[in-house]
There are 2 protein chains.
Amino acid sequence: MRLRVSPDSAVPIYEQILSQVVFAVAAGDLPAGEAVPSVRELSQQLIVNANTVARAYQELERLGVVEARRGVGMFVTDGGPKVCRDRRKVLVRDRVRETVREAAAAGLSAEELRQLVDDEWPRRNGTAKTPH
Amino acid sequence: MRLRVSPDSAVPIYEQILSQVVFAVAAGDLPAGEAVPSVRELSQQLIVNANTVARAYQELERLGVVEARRGVGMFVTDGGPKVCRDRRKVLVRDRVRETVREAAAAGLSAEELRQLVDDEWPRRNGTAKTPH
DNA sequence: GGTAGTGTACTGGTTCACTGGTACACCACC
DNA sequence: GGTGGTGTACCAGTGAACCAGTACACTACC
């Protein structure tokens, strides 16, 4: 598992770590039962404070993706992969909901919104926001 | 023109004012040439600082929606209504773009995304996020 | 039991966005 | 020219988010 963070990004470092781990677990790159890198190991690799990594991990634990065993490490739970896949879907649904509301407020029709989505779909691997 | 702000909201007050004025201009409620409420008048009405209103107005001026005449007031420009209508469309398009990207990253197909949009469309006047 | 690994609690500093208070510069009108 | 309206510049306070330093508690292993 290879992580990257950009300290200059607008999104907080701990959130970058969080989403990347979620992505890795969802993709099966980090299967259930597997140990995630220790906070110190990852903090040295990314050159950030151990607490920053720990904060991301705590969020992962709150989501039920990993479980901590003090003195041992943190491990992906049995339900972790499913949680991560579901989480991404929830994020998408929430975003869709906001988009639909915004479009309706702007006076767009359902058909116009559909058209807009179809127009943007081919550009889904956009150039922006890539972790350079 | 009747504005409302909720100080407890996560979105800044000046931004609430901004978007509401944009909406009013786009809807024709505030036609070109019309004077917008003075910063002091609006600040008293909303019980916020005049600078907070001024900040929203400066943003409106930067967008080309209004123009300031020192000592007189601020007035909707000739192109104001069109700018506001366009701006809402741009906001929607940007949001659609992000949503599409998120959906693709989550592994959704184009068809699944379309389905999601159609599911959410009937809820476009949703209950959440209303200015209580 | 010592050691080296793990996660975690507490605390402090830094930065930034937002808001408000005050004072200033301008214009119309009497 | 005085008065009362306008927008605006400057500065200070506040609060939250983020991150790092340090010290602690725990576990496995020799």
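What you are looking at is a predicted structure, and each value in this text was computed from that prediction instead of being measured. The figures that follow rest on heavy atoms only: side chains count, while hydrogens, waters and symmetry mates do not. Below, read A as the first sequence line, B as the second, and so on, with proteins coming before strands; counting in each chain starts at 1.
- Of the two residues near DNA chain D, A:G71 and A:N49, the one whose nearest nucleotide lies more 5' is A:N49.
- Nucleotides of DNA chain C nearest to B:V48 and A:E61 differ in position, and the one nearer the 5' end is that of A:E61.
- Each of C:dG7, D:dT8, C:dA9 was ranked by its minimum atom distance to the side chain of A:Q58; first place goes to C:dA9.
- Within the 4.0 Å cut-off from OP1 or OP2 of C:dC26, not a single side-chain nitrogen or oxygen of B:R69 is found.
- Taking side-chain N and O atoms only, A:Y57 has no distance below 4.0 Å to OP1 or OP2 of C:dG7.
- Remark: C1' of D:dC19 and CD1 of A:I47 are 15 Å apart, rounded to the nearest angstrom.
- Between the P atom of C:dG20 and the CG atom of B:L46 lies a distance of 10 Å, rounded to the nearest Å.
- In this structure, CG of B:L18 is placed 12 Å from P of C:dT19, rounded to the nearest angstrom.
- Phosphate proximity of C:dC18 to B:Y14: present, with a side-chain N or O under 4.0 Å from OP1 or OP2.
- A donor-acceptor pair under 3.5 Å is formed between the side chain of B:R124 and the backbone N or O of B:W121.
- For B:T52, no side-chain nitrogen or oxygen approaches OP1 or OP2 of C:dT19 to under 4.0 Å.
- Classification of B:R95 and B:E98 as a salt-bridged pair fails, no side-chain N sitting under 4.0 Å from a carboxylate O.
- For A:D8 and C:dC16, the CG to P distance is 12 Å, given to the nearest whole Å.
- Exactly one of A:L42, A:L18, A:V65 qualifies for a side-chain contact (heavy atoms from CB on, under 4.5 Å) with A:Y57. That residue is A:L42.
- A:N51 has no side-chain polar atom (N or O) that falls below the 4.0 Å cut-off from OP1 or OP2 of C:dA9.
- As a whole-Å value, the separation of B:L42 CG from D:dG7 C1' is 14 Å.
- The side chain of B:R70 places no N or O atom within less than 4.0 Å of a non-bridging phosphate oxygen (OP1 or OP2) of D:dT8.
- If you take CZ of B:R62 and P of D:dG7, they are 19 Å apart, rounded to a whole angstrom.
- The base of D:dG5 has none of its N or O atoms less than 3.5 Å from a complementary donor or acceptor on the side chain of B:R40.
- The interatomic distance linking A:R55 (CZ) with C:dT11 (C1') rounds to 15 Å, in whole Å.
- Put simply, the side chain of B:E112 gets close to the backbone of B:S109: a donor and an acceptor are under 3.5 Å apart.
- Between the CE atom of B:M74 and the C1' atom of C:dC27 there is a distance of 15 Å, given to the nearest Å.
- Residue-level contact check: A:E41 touches neither bases nor backbone, having no heavy atom under 4.0 Å from any strand.
- A salt bridge links A:E111 with A:R114: the closest approach of a Lys/Arg side-chain nitrogen to an acidic carboxylate oxygen falls below 4.0 angstrom.
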